Structures are given as C-alpha cells and as structure tokens.
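Single-structure report; data block below.
Both ligands and their constituent atoms are indexed starting at 1 by order of listing. A quick note: this is a predicted structure, and the numbers were derived from the prediction, not measured. Residue numbers run from 1 in the order of the sequence given.
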Amino acid sequence: MLVPHGTEWLAIVGIPLSQPPGVASIDIRDTAGSPTRLTFRVLPAHYHTQRLKVSPAQVDLAAADLQRVTGERAHLQAALATFSPQTPATLRLLVPVAGKRSSSFGLRRIFNGESRDPHSGMDIGAPLGTVVIAAADGLVIDVGDYFFNGNTVLVDHGSGLITMYCHLASIGVHPGQHLTSGEPLGTVGATGRVTGPHLHFGVALNRAFVDPALFLPAAPAASRP
Ligand SMILES: [Zn+2]
C-alpha cells in the first residue's frame with residue numbers, strides 16, 4: 001500500500017505474525033519498471049501463549065472436516081490476495097460493532113502440546129443479533145459459511161486492505177456489492193467454532209492479518225479488558 005504523505009509516498013506493509021525478527025525488504029518499481037529494494041528491520045513483538053489440556057477428540061479434526069478446512073484455507077488465501085489499485089479513503093476504521101474487545105491478537109494456544117495458529121484478529125463481545133457495520137467504504141469480495149469462521153464477509157478497501165467479519169448469525173450483503181462506511185452487513189452470531197456470540201474482526205494488509213486495534217479508535221475505558 002502506498003499513500004500520499006506530503007510531497008512523498010509512504011509505503012505501509014503488513015507484517016505477518018509468522019515473520020521472524022530481522023531484516024526484511026520490499027521492492028518498489030517506478031513507472032519505468034526499474035526496481036529499488038528498500039530494507040527495514042522487523043523487531044520482535046511478544047504475545048501471550050496459553051497451554052491447554054483437552055480431550056484429544058477436541059483437538060483432532062475428523063478426516064472430512066480436515067479436508068473441508070484445507071479447501072477453505074486455500075479459498076480464503078485467494079480472497080485475501082485480492083489487490084485493487086485504489087487507495088482506501090481512510091486508514092481509520094469504524095468499530096464494526098460496539099462491545100467488549102479482547103486484546104488477544106497474537107495469542108497462541110497450545111492444545112496438548114500441539115501448537116495452533118495464533119489468534120489473527122480481535123474478538124468483540126456483543127449480543128446475538130446486534131447489527132455489524134462495514135468498517136470503511138469497500139467492495140464485498142467474499143461471503144460464505146466456513147468451518148472455523150462460520151458465516152463470514154470479506155470487504156476489500158483497496159491497496160491490499162481487507163476486513164473480515166466472522167461468526168455472523170445472518171449476512172445481509174452479497175459479493176460485488178459496494179458498501180459505504182458504517183453500512184450494515186450482517187448480525188452478530190455464534191456460527192463456526194465458537195463458545196458464544198461475538199464478532200471476530202480481522203484486518204489484513206498485503207495478505208497478512210495485522211492487529212485491528214492499530215486502525216480503531218481506543219476502546220472506551222469501561223470496555224477495556
Ligand atoms: Zn477471534
């Protein structure tokens with residue numbers, strides 16, 4: 001993502017949780033096509049780890065579920081690779097639903113010694129049926145019912161910025177639909193693999209899920225965990 005910054009351009013890069021600390025680089029091509037490599041240093045960030053012991057049946061997926069999850073993961077990766085050239089109207093996103101926000105981005109859960117992918121978004125607790133809104137202007141690029149994420153909507157805001165809304169009870173939009181900032185797209189639910197109704201809100205930049213809190217106004221004091 002490139003955004004105008006005074007008389008210059010600012011490159012904003014999403015760094016995945018899986019990125020090892022150290023030197024990383026981006027290649028910039030001007031209109032003539034000649035590449036320039038810019039290097040930058042990725043510093044370590046520390047996230048919590050939870051070790052849990054549960055019955056093996058709760059950890060190991062049945063063969064059919066595993067096959068479904070594998071297919072859905074490929075589908076989601078393809079959707080996240082969407083790149084539309086426009087610059088997002090803003091990088092300050094709206095809170096998609098009011099409620100208590102978890103600060104669990106990056107939390108890694110280890111079940112019976114087996115590591116799972118770290119938590120890649122923000123969970124916002126809200127009652128079943130509460131309206132969920134688009135965090136910014138964008139185009140609906142995917143709608144589906146997925147094994148882990150339940151009823152899900154993906155919205156493309158341009159330049160590789162994509163927001164994801166999961167576990168919805170109902171979906172009120174369809175792929176190809178343009179949404180304006182704040183427009184309803186569904187309702188809070190408990191679909192997919194969840195223990196109760198909440199919104200899982202994901203923000204991806206250049207295919208990497210990044211901490212949604214970076215884009216949201218600070219939570220009101222009363223709702224801070
Ligand atoms: Zn979540």
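Atoms of the protein (N, O or S only) found under 2.8 Å from the Zn ion (ligand 1) are His119 NE2, Asp123 OD1, His200 ND1.
Screening residues 18-28 for side-chain hydrogen bond (donor to acceptor under 3.5 Å, both in side chains), with sequence neighbours left out, gives Asp27-Arg37. Sorted by first then second residue, the ring-ring contact (aromatic ring centres under 6.0 Å, His included) pairs that include residues 131-151, not counting sequence neighbours, are His75-Tyr146.
Taking the six-membered ring where the residue is Trp, Tyr47 and Phe105 present perpendicular rings, their angle passing 60° and hence far from 30°.
Within the 4.5 Å cutoff, the side chain of Val140 has no heavy atoms near those of the Leu185 side chain.
No more than 12 heavy atoms of other residues, nucleotides or ligands shown are found within 6.0 angstrom of CZ on Arg73.
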Enumerate, atom names and distances included, each donor-acceptor pair closer than 3.5 Å involving a side-chain atom of residues 203-210, sequence neighbours excluded.
residue: Asn206; atom: OD1; partner: Gly14; partner atom: N; Å: 2.8
residue: Asn206; atom: ND2; partner: Gly14; partner atom: O; Å: 3.0

